[in-house]
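Since the structure comes first, as structure tokens, the remarks are kept for the end.
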Amino acid sequence: MSRRLVRLLPLLLAGLAMSAHAADELPRVVTKDGRSALFVDGAPYLMLGAQANNSSNYPAALPKVWPMLERLNANTLEIPIAWEQIEPVEGKFDFSYLDALLKGAREHKLRLVLLWFGAWKNTAPNYAPIWVKSDNARFPRMRTSDGKAHYALSPHARTTLDADKRAFTALMQRLKADDPQNTVIMVQVENESGSYRSARDFSPEAQKLFAQPIPQPLAAKTGKSGTWSQAFGKLADTAFNAWYIARYVDEIAAAGQAIKNLPMYCNAALSDPFGPAVSGGASGGPDWPVIDVWRAAAPHIALVAPDIYNRDPKAYAKYLDLYARPDNPLMVPETGNAAEYARFLWPTLGKGAIGFSPFGFDDTGYVNYPLGAKELDEATIEAFASKYRLLAPAARAWARIAFEHRVWGAAKMEDGGDQSTTFGRWKISVQYDLWRFGERDWTWIKTDPSPTKGKPVGGALVAQLGPDQFLLTGSDVRLRLDDTSGGNGMMLRVEEGHFDAQGNWVFERVWNGDQTDYGLNFTGTPVWLKVTMGTWK
Ligand code: DGJ
């Protein structure tokens, strides 16, 4: 052995031991001082996700999934695994799809979020096996208020819960055996649970429960008491449905976690964020009016998460506000894949989200317009890919920064108006639809409108690294930093750079002159800037 190697050996061994240890560590969601991070391999991880289409969950479809994830620069694939495919015959399990999925993900250096399509998929039992769907004596459907059969499965049937749980735990057992490297980092339990067109089950068993006082943990969480109607008024049917669906889901999650303790979450079909707090979405799912109910009922669920298919930037911002709570880490597990949604990545991360995942990204040719894109053309893919390209190498660094520092983000509103926030003495302003040179009030020279004018692009992301130091990025935006203390604030140094694999800042160049005289101007291709502010006298 050479001398050099002998000297390096202890270091190498220590490094190996560290990485072995980290890889052993199960993914988990950690909240500290009101900020959250998804820890993967022992360190914060930012999920730059994409969700495949609903029926892409077969080995034959996977070759149409991987290339799209690569084009997007995504680091995580969200993809369904359906009860019907793992247990087509009761008690006989088939995990060939899971095996193909794990293998493909590892080959493509991707992490996975598995979406358990069990008793509820967009509220319906369509992904349950035929032996479940067609045996409604054993697996009863809800009853409407006039006693008719309703399409959704009832959360009150122990038989359904036991069967769903058995399949889910078989899946978790398989994961425990076949995924020691934690390729799967999170599991979504059910998909957009709840029920449409009937707020809850009105079967005789459900009616009996509905007449009882609300459960103690819910009373403690909300400060409410009495029966469901007394405690929740107009929201009573939805809150009741939410409680029992969340308890059902929690029992499944707990059983799965007893086998392999992965973070689990539930996604929500959303009602109008500005409407009254009654569920206009899927009643009983983790919709915003009943987040409290879900948090009280489902302690094994790390978070409830909004599926945001609303292109109105005000509504988008409101949903982020509603779900980013001290008791609920923010993650956007689904959002539209039309180009205009891409700018919402900035305010999502600015609210401290642990992940973001536009829906319907694969090459199967299916599109879910009007929710998402009409076509996955180059421009649509690039709207997301350009941002992920910047963030992917920095995903660990950003996740750590957002876990430790105050962050903020914004996206262009419909009127293109300015936005701002303050960090200590510094006011950060965000402006849209400006050329990269000159000011809005210049009249001495004729200027064409900016090419982004009227277009739904533009947004910014900020982290405060120290009292006078900021990490900035954004797309189609101008950022300004102003001193609000009455002093003469100035930009001391504006560095463009990137993050290396260890999360260290790598300096590339200094911005000055035209690049800083008219604010900090970001094009459609974002870059990182580290800005140090100071004062002159
Ligand atoms: C939300 C659901 O969670 C998805 O599975 C999918 O059905 C979309 N809606 C619509 O494409």
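Every number for a ligand or one of its atoms is a count from 1 in the order of the listing.
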Could you list the atoms of ligand 1 found under 4.0 angstrom from a heavy atom of [X]?
{"X": "Leu371", "result": "10 (C)"}
{"X": "Glu192", "result": "1 (C), 2 (C), 3 (O)"}
{"X": "Asn368", "result": "10 (C), 11 (O)"}
{"X": "Asp307", "result": "3 (O)"}
{"X": "Asn191", "result": "2 (C), 3 (O), 5 (O)"}
{"X": "Lys121", "result": "4 (C), 5 (O), 7 (O)"}

### Query
Considering only heavy atoms from C-beta outward, does the side chain of Asn310 approach that of Tyr319 to under 4.5 Å?
yes
### Query
Of the non-hydrogen atoms in Trp346 and Ser475, which two are nearest, and what is the gap between them?
NE1-OG, 2.8 Å
### Over all atoms of both residues, closest heavy-atom pair of Thr183 and Leu110
CG2-O, 3.7 Å
### Message
Please determine whether a side-chain nitrogen of the Lys or Arg among Lys103 and Glu107 lies less than 4.0 Å from a carboxylate oxygen of the Asp or Glu.
### Response
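Judged by the 4.0 Å cut-off on N to carboxylate O distance, Lys103 and Glu107 do form a salt bridge.
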Which heavy atom of the protein is the closest neighbour of [atom], given with residue, atom name and distance?
{"atom": "atom 6 (C) of ligand 1", "value": "Phe359 CZ, 3.6 Å"}
{"atom": "atom 9 (N) of ligand 1", "value": "Glu334 OE1, 3.8 Å"}
{"atom": "atom 7 (O) of ligand 1", "value": "Asn122 ND2, 2.9 Å"}

### Enclosure of Lys133 NZ (heavy-atom neighbours >12, cutoff 6.0 Å)
yes
### Message
Can you tell me how the ring of Phe240 sits relative to the ring of Phe210, calling it parallel under 30°, perpendicular over 60° and tilted otherwise?
### Response
perpendicular
### Output field: ring centroids Phe403/Phe39 closer than 6.0 Å
yes
